[in-house]
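Input: a single structure, listed below in structure tokens.
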Amino acid sequence: MEHHLIYEESFWGHDVRLRHITQGSNTLVVFFPGQNYSCELPVLYYAVQSATSQGMDALILEYGFQSARVALEREQRSILEEEVLQMIRRGSEGYEQLIFVSKSLGTLLAGYTAKHLTNHSIHHLYLTPLDSTLAYMQHSKGMVIYGAKDSLFSEESRAKLTSCSELKVHKVLDAGHGLETSDPRKSAELISQLVEEYIRFFTSIEEIYSS
């Protein structure tokens, strides 16, 4: 397993640092962090570990506004979407299969990118999506995991998940938007359960791709 750093120019004036983990796989798993939730934090960190443990390559994103340590303004969303799309176009060259793992704001960016990467069939693992992600989820295949106490994903959106016929849905009881609780022991148990879901997900996608 090899670790590479890729630097990309950004609208926000600071180079974006991407991490590319390679081990000879033809499947690339792209990780889209949340606005304030990096891939070093538990929900995404263990998703990366789960993917690479299954022999997959990984591309771990950072966004331009994050590297510049500034807030993302609403009117800059379209700039961010295009930057991420172009980074993934370059980073995914040579791969036969793509899997997008995304959290919160990242679910919107993953949905947008998949919509515009028409030369790939993409499977998604949506983690704590936002209400506005639903428009992308209805045309996605893969899995969605959300917390039963997540105030950023409404009851109306949850009800509409039944129309996402190609997404498996997993609700985490007692968990909020961070997929954790106020009890650290319970949070650790939830992470362990998430890892099991991750590994089942990646294994099932590999079986689809190899069939």
Side-chain angles (χ1 to χ4, degrees), residues 6 8 16 18-35 37 39 43-44 46-63 77-78 80-146 153 157 160-161 163-170 194 197-211:
I6 302 170
E8 297 269 1
V16 174
L18 313 180
R19 289 191 289 138
H20 190 197
I21 301 172
T22 60
Q23 46 189 338
S25 176
N26 59 13
T27 299
L28 178 68
V29 187
V30 183
F31 291 87
F32 298 75
Q35 183 163 339
Y37 200 98
C39 291
V43 170
L44 289 175
Y46 286 105
V48 174
Q49 297 299 307
S50 299
T52 56
S53 75
Q54 300 305 300
M56 299 173 174
D57 287 6
L59 182 65
I60 301 166
L61 301 183
E62 178 184 53
Y63 308 135
R77 246 279 299 281
S78 61
L80 177 61
E81 290 171 339
E82 281 302 310
E83 275 200 358
V84 170
L85 173 60
Q86 296 309 319
M87 285 191 293
I88 295 172
R89 276 195 172 131
R90 291 187 289 270
S92 63
E93 288 181 1
Y95 285 96
E96 296 177 14
Q97 293 95 29
L98 296 180
I99 301 172
F100 287 176
V101 178
S102 57
K103 187 178 189 313
S104 194
L105 170 68
T107 63
L108 293 171
L109 298 171
Y112 177 89
T113 301
K115 181 179 178 180
H116 292 84
L117 280 184
T118 54
N119 57 328
H120 281 94
S121 176
I122 298 167
H123 285 80
H124 289 265
L125 175 54
Y126 289 110
L127 303 170
T128 66
L130 305 175
D131 287 336
S132 46
T133 312
L134 192 68
Y136 295 119
M137 295 166 66
Q138 290 172 332
H139 304 284
S140 300
K141 51 190 174 184
M143 185 176 190
V144 55
I145 300 176
Y146 71 91
F153 194 53
S157 293
K160 290 179 179 178
L161 285 176
S163 67
C164 303
S165 58
E166 295 194 76
L167 282 180
K168 180 182 177 182
V169 178
H170 180 73
L194 283 174
E197 290 294 334
Y198 295 159
I199 291 175
R200 277 194 287 268
F201 170 77
F202 291 124
T203 300
S204 69
I205 300 305
E206 276 292 80
E207 289 173 352
I208 291 171
Y209 284 149
S210 61
S211 62

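- Using a 4.5 Å heavy-atom cutoff, the side chains of Leu109 and Leu61 are not in contact.
- Within the structure, every pair that satisfies the side-chain hydrogen bond (donor to acceptor under 3.5 Å, both in side chains) test and touches residues 93-102, not counting sequence neighbours, is listed here: His20-Tyr95, Asn26-Glu96, Thr27-Gln97, Asp57-Tyr95.
- Qualifying ring pair (Phe, Tyr, Trp, His ring centres under 6.0 Å) partners for Phe201, counting only residues two or more places apart in sequence or in other chains: none.
- With sequence neighbours left out, Glu83 forms a salt bridge (Lys or Arg N to Asp or Glu O under 4.0 Å) with no residue at all.
- Between Ile60 and the choices Val29, Leu18, Ile21, the side-chain contact (heavy atoms from CB on, under 4.5 Å) rule is met once, by Ile21.
- With sequence neighbours left out, the ring pair (Phe, Tyr, Trp, His ring centres under 6.0 Å) criterion links His123 to Tyr209.
- Checked against ring pair (Phe, Tyr, Trp, His ring centres under 6.0 Å), Tyr198 has no partners two or more places apart in sequence or in another chain.
- Side-chain contact check for Arg90 versus Glu8: some heavy-atom pair is nearer than 4.5 Å.
- Listed by chain and number, the residues in a side-chain hydrogen bond (donor to acceptor under 3.5 Å, both in side chains) with Ser132 amount to none (sequence neighbours excluded).
- Taking 4.5 Å as the limit, every side-chain heavy atom of Thr128 sits out of range of all side-chain heavy atoms of Phe153.
- Side-chain contact between Gln54 and Ser25: absent, with no pair of heavy atoms (C-beta onward) separated by less than 4.5 Å.
- In this structure, the side chains of His139 and Lys115 stay at 4.5 Å or more apart for every pair of heavy atoms.
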